[in-house]
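Just below is one structure, and these are the notes that go with it.
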2 protein chains.
Amino acid sequence: MITRTVPDIVVGRLPRYLQALEHMHREGIKTTSSQELGEAIGISAAQIRKDLSQFGEFGKQGTGYSVAYLVEQLQAILKLTTIWDLALVGMGDLGNALARYQGFAEHGFRITAAFDNDPEKIGKEVAGLIIQDSREMKRIIPQLGIKIAMLTVPASVAQSVAEELVDAGIRAILNYAPISLNLPNEIHVENIDPIIKLQHMTYYLD
Amino acid sequence: MITRTVPDIVVGRLPRYLQALEHMHREGIKTTSSQELGEAIGISAAQIRKDLSQFGEFGKQGTGYSVAYLVEQLQAILKLTTIWDLALVGMGDLGNALARYQGFAEHGFRITAAFDNDPEKIGKEVAGLIIQDSREMKRIIPQLGIKIAMLTVPASVAQSVAEELVDAGIRAILNYAPISLNLPNEIHVENIDPIIKLQHMTYYLD
DNA sequence: CGTTTTTTGTGTGCATTTTCACAGAAAAAA
DNA sequence: TTTTTTCTGTGAAAATGCACACAAAAAACG
């Protein structure tokens, strides 16, 4: 079997397919087509079929896709069949909001450890988590086997904290700090920055 | 002058260039090159030059780019020379965190109105904003001339609230709800969903 | 002052991504 | 049963995006 590498741009669309399919599943929809799915998320039917064909044949001609089956398959492709532990680093307003967000648990992500460097915050509880001293990251993260971190610290310290996380064994970082992190290539970084998104949109407005 | 449309993917990179350049500016760096800028944000130098060349000639051979000048030019291109008013809709944990975030004001975005439909929340103050009844959106948003909204309501009501926003004259939505919004083509929507980003990353982990 | 170095802007071609369009399979209709 | 309709998976074509490489301009150097 030839397993050529799937383009990252394709991988990036899979979670959107999954999101829409899970929504259909909750609505009780049993079957869908590339056409219908495409209309739901604003992607062409051909694109969806091509993307999925990278991983196998999940549909049936004349019928389309079983929603439940395709959800299952996408979850397997995206490695969502086990629970992923997350470290939450930086317990300001945003860190607190994320700690309380139910969506993570609902999708198989569990915030297992929360860190901050502020002595005022260390020891406090947020959403069932005790905030720990960020100097303990190097010890605690490997102990719990955490591979993914969400970084919600001020931009001024984001780079150095990110390096500490990598040093502690973190392999993927969801970066909320408004700065480009410079890390080894094997570390996967995704950025969430509302300013960047707003500035993208203002280009098209008057 | 031929003004062919600039690809959206190029527009999407400009805010990242601007972010890095503003950082350099704060650091007191007067001049940079496409090479240096590229290394800072992980984009090839040729790519940056090609992107910028879509809008004009901002550099000088042998020297590179004046940081201050390029910041100015990018701000002008992205229409960031005036203050943009924002509506914040949905005052849960995330809405509250965004209301308190200083980054918007620092980049010329001003949250001018905050809405919720919960009688418990209406009338309360958050970060200097009085939370208003979301039934008033249709009246208040046009009155204040607000064009951009940040949507932080539960997924179950996001679509209908988004439609109300469009009806009230909103032209761009930064959508934090974990659902694809279905809106007229002329409305610009950007999504921020940590689950989607995490699922993208887990593909690459074991 | 001439030579070397730096660095831009861009033409060209390669690579990637998307769309098109159709054979074939399944289901629905007749 | 036969015909028509639906809808996938996929080669091929089209479109888009990116990297290379270089002339030309400016600066630095000696």
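Each chain gets a letter, A, B and so on, in the order the sequences are listed, and its residues count up from 1.
When each of A:Gln35 and B:Gln61 is assigned the nucleotide of DNA chain D with its nearest heavy atom, A:Gln35 is the one assigned upstream, toward the 5' end. When the nearest nucleotides of DNA chain C are assigned to A:Gly62 and A:Asp8 by heavy-atom distance, the more 5′-ward of the two goes with A:Asp8.
What separates CZ of A:Arg49 from P of C:dA25 is a distance of 16 Å, to the nearest Å. Atom CD1 of A:Ile48 is separated from atom P of C:dT19 by 11 Å (rounded to the nearest Å). As a whole-Å value, the separation of B:Lys50 NZ from C:dT12 P is 11 Å. Atoms CD1 (B:Ile9) and P (C:dT17) sit 9 Å apart, rounded to a whole Å. Distance CG (A:Asp51) to C1' (C:dT17): 10 Å, rounded to an integer number of Å. For the pair B:Gln47 CD and C:dT7 C1', the interatomic distance rounds to 18 Å; values are reported in whole Å. Nucleotide C:dA27 holds its C1' atom 9 Å from the NZ atom of A:Lys60, rounded to whole Å.
Taking CZ of A:Arg171 as the start and CD of A:Glu186 as the end, the distance is 8.5 Å to the nearest 0.5 Å.
Among residues two or more places apart in sequence or in another chain, the side chain to side chain contact (heavy atoms under 4.5 Å, CB included) test is passed with A:Lys79 by A:Trp84.
One finds a side-chain N or O of A:Arg13 lying less than 4.0 angstrom from the OP1 or OP2 phosphate oxygen of C:dT18. In this structure, A:Tyr65 does not reach the C:dA26 phosphate: none of its side-chain N or O atoms is under 4.0 Å from OP1 or OP2. Taking side-chain N and O atoms only, B:Thr63 has no distance below 4.0 Å to OP1 or OP2 of C:dT7.
Among B:Leu80, B:Leu86, B:Leu78, the single residue meeting the side chain to side chain contact (heavy atoms under 4.5 Å, CB included) criterion with A:Leu198 is B:Leu86. With B:Leu151 as the fixed residue, the side chain to side chain contact (heavy atoms under 4.5 Å, CB included) test singles out one of B:Leu174, B:Ile192, B:Leu165, B:Leu88: B:Leu165.
Along DNA chain D, read 5' to 3', the first and last nucleotides having any atom under 4.0 Å from a heavy atom of chain B are D:dG17 to D:dA27.
Under the 4.0 Å criterion applied to side-chain N and carboxylate O atoms, A:Asp167 and A:Lys138 are assigned as salt-bridge partners.
Using the six-membered ring where Trp is involved, A:Tyr203 and B:Phe55 have ring planes that are perpendicular, over 60° apart on the 30 and 60° scheme. Taking the six-membered ring for Trp and thresholds of 30 and 60 degrees, A:Tyr101 and A:Phe104 have ring planes more than 60 degrees apart, a perpendicular arrangement.
Counting non-hydrogen atoms under 4.0 angstrom, B:Leu52 reaches nothing in the nucleic acid.
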